[in-house]
Structures are given as C-alpha cells and as structure tokens.
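Since we're looking at a predicted model, the values are computed, not measured.
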Amino acid sequence: MRFFKYCSIVFLLLFTISFSLKAQDSTIVKWMNVAEKIGEGIYKVKFTGVIKKDWHVYSAPDADSEISGITVNKEDSVITLKELQILTPGKITDDHVWAKKLQTITDTLVFTQLINIAGKVPAVLELKVNYEVGAFESFFPESDTLNIFTGEKETAVVSNRILIPSINIDKPLTDCKTSSSTSSEKVA
C-alpha cells in the first residue's frame, strides 16, 4: 500500500513539473531589438525574432485568410510609426492550415520600424509586435510587448509645491490667533 502511495506522489510531482515547464515557454518567437537615433526625435528600431524549430511566421497580409502579417502598435500618442521594412526574405510555401500558398519566414525574422517621437524622448518606449504563426496543422495569432531603449537619460521632475487655487495664504478665511495667552483667557 505504501508503494502505491509513494508512486502516485512521484507521478503527480513529475506531471506538475512537466506541465509547468511547458507553460513557461509559450511564445513561438523570441524578440530582441536595437534602437538607433537617426535624427531629432526619429529612431530606427531593428527587431530580430528567433522562431522556434518547425514553426513559421506569416510575413505578408492575406485578406482571404484574415492574416495581417507583421504589424507594430504603439500605446503612446506622442509616437508616430512610419515605414516598416521586412529585411528577411520570405518564401512562398504551401500552407496546410489554409490549403493555399502563403508568404512565410522560418528560423529568424528581421525587420525595421521608423519611429517619430514628438516632444521629449523617453528612455524606454513600449511597442507591441503582432503577427501570426503556424506549424503543420497549427495556426494562431501571437503578440509581444517590447521595451525599446532609446539611449536617452530619464530625468526626474521634482516639485514640492502644491497649488490649490481656492486657498490664498495671504488672505485667510478666519483670523487665526497665534498667542497662547489669548486662547487660555477664552477657556477660563
């Protein structure tokens, strides 16, 4: 009886460990990026994605399949996204999921994105890369939010003054007595 109890505990432990290892590595593409300043408030960001073995990224949009290709989105309104240029040549493959020829990239994907920033350039920008991946009979959209380091120094603004327009220190609403003798006369 103890043997079965011991075996079931070991089995549950191994099952839990194997499940948690699979859950940690869920993204198909691992991203790296480098930002290069090419003008005042203008940056060229080079994205490099390493694609898992046997998987591919759909590099070109296809309206019939509702594939959007590779896109970059921004969260900040001071950022304007300009030209996106895919540097890795794609190849036309017979896709098993869509049963047609589509443009895909395997192994490594490299593209650049021009970014224009109005006003003060932050030290870190946040951009979201969206794309679709496939392998054999599998297909799903994937996205990753990436931090882009601009090389600018972050300056902290410190202000100790709180301004409330309805309060005027020179004209108080009541006459405050500061003498302790006046307050003791009223109490007695």
Side-chain angles (χ1 to χ4, degrees), residues 11-118 121-152:
F11 175 76
L12 284 173
L13 182 64
L14 290 174
F15 179 75
T16 305
I17 290 171
S18 68
F19 182 72
S20 66
L21 289 176
K22 285 183 181 179
Q24 290 176 356
D25 193 20
S26 62
T27 58
I28 303 303
V29 182
K30 302 292 182 191
W31 293 100
M32 298 169 282
N33 63 71
V34 176
E36 174 190 359
K37 184 175 184 176
I38 59 173
E40 193 61 39
I42 302 171
Y43 289 82
K44 184 177 190 177
V45 182
K46 182 178 180 182
F47 296 91
T48 303
V50 178
I51 305 166
K52 275 187 182 178
K53 185 175 172 34
D54 297 327
W55 286 84
H56 58 264
V57 173
Y58 296 90
S59 58
D62 184 68
D64 296 336
S65 308
E66 296 183 14
I67 293 174
S68 62
I70 300 163
T71 61
V72 177
N73 294 331
K74 60 186 173 54
E75 297 294 324
D76 199 343
S77 62
V78 300
I79 300 172
T80 304
L81 299 175
K82 301 284 185 176
E83 177 184 334
L84 183 140
Q85 182 180 13
I86 298 175
L87 302 177
T88 305
K91 63 181 181 177
I92 304 296
T93 58
D94 287 322
D95 189 69
H96 297 295
V97 175
W98 300 104
K100 64 189 228 177
K101 294 182 184 282
L102 293 170
Q103 187 170 339
T104 62
I105 296 174
T106 57
D107 301 323
T108 304
L109 163 65
V110 180
F111 71 93
T112 59
Q113 173 75 60
L114 284 179
I115 299 171
N116 191 6
I117 303 167
V121 177
V124 179
L125 301 172
E126 196 171 277
L127 297 177
K128 186 174 187 179
V129 179
N130 303 299
Y131 49 95
E132 292 90 3
V133 294
F136 307 109
E137 301 295 322
S138 299
F139 170 88
F140 58 89
E142 192 170 83
S143 65
D144 203 351
T145 302
L146 304 174
N147 290 324
I148 313 300
F149 297 97
T150 61
E152 300 292 324

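- Taking OG1 from Thr27 and CD1 from Ile51, the interatomic distance works out to 12.0 Å, rounded to the nearest 0.5 Å.
- Evaluation of the salt bridge (Lys or Arg N to Asp or Glu O under 4.0 Å) rule for Asp62 yields Lys100 as partners, not counting sequence neighbours.
- With sequence neighbours left out, the side chain to side chain donor-acceptor pair (under 3.5 Å) criterion links Asp94 to Lys101.
- For the side chain to side chain contact (heavy atoms under 4.5 Å, CB included) test, residues two or more places apart in sequence or in another chain that qualify with Phe140 are Ile28, Trp55, Val133, Glu142.
- Counting all heavy atoms, side chain and backbone alike, Thr88 lies closest to Ile86 at O-CG2, 3.4 Å.
- Atom CZ of Phe139 is separated from atom NE2 of His96 by 15.0 Å, given to the nearest 0.5 angstrom.
- Between Gly90 and Ile105, the closest heavy-atom pair is CA-CG1, 3.8 Å.
- Partners of Phe149 under the ring-ring contact (aromatic ring centres under 6.0 Å, His included) rule, at least two apart in sequence or in another chain, do not exist in this structure.
- Contacts of Gln113 classified as side chain to side chain donor-acceptor pair (under 3.5 Å), with partners at least two apart in sequence or in another chain: none.
- For Trp31, the side chain to side chain donor-acceptor pair (under 3.5 Å) test picks out Tyr131, with sequence neighbours left out.
- For Thr104, the side chain to side chain contact (heavy atoms under 4.5 Å, CB included) partners at least two apart in sequence or on another chain are His56, Tyr58, Lys91, Thr93.
- Side-chain contact between Thr108 and Thr48 is present, with at least one heavy-atom pair separated by less than 4.5 Å.
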Could you go through the side-chain contact (heavy atoms from CB on, under 4.5 Å) check for Leu109 and Val29 one step at a time?
CA-CA 9 Å; Leu109 163 65; Val29 182; 5.5 Å; no

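- Side-chain contact between Ile148 and Phe47 is present, with at least one heavy-atom pair separated by less than 4.5 Å.
- Contact annotation: the side chain of Val97 never approaches that of Leu102 to less than 4.5 Å [non-hydrogen atoms, C-beta and beyond].
- Taken from OG in Ser59 to CD1 in Ile92, the straight-line distance is 7.5 Å, to the nearest 0.5 Å.
- Judged as a side chain to side chain donor-acceptor pair (under 3.5 Å), and not counting sequence neighbours, Thr112 has no contacts.
- With no hydrogens or angles considered, a side-chain donor-acceptor pair links Glu132 and Ser68 at under 3.5 Å.
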Between side-chain atoms of residues 32-46 and protein atoms elsewhere (two or more places apart, or another chain), which donor-acceptor pairs fall under 3.5 Å?
from, atom 1, to, atom 2, distance (Å)
Asn33, ND2, Asn147, O, 3.4
Tyr43, OH, Glu152, OE2, 2.9

Name every donor-acceptor pair, under 3.5 Å, that has one atom in a side chain of residues 70-85 and the other anywhere in the protein, sequence neighbours excluded.
from, atom 1, to, atom 2, distance (Å)
Asp76, OD1, Val78, N, 3.3

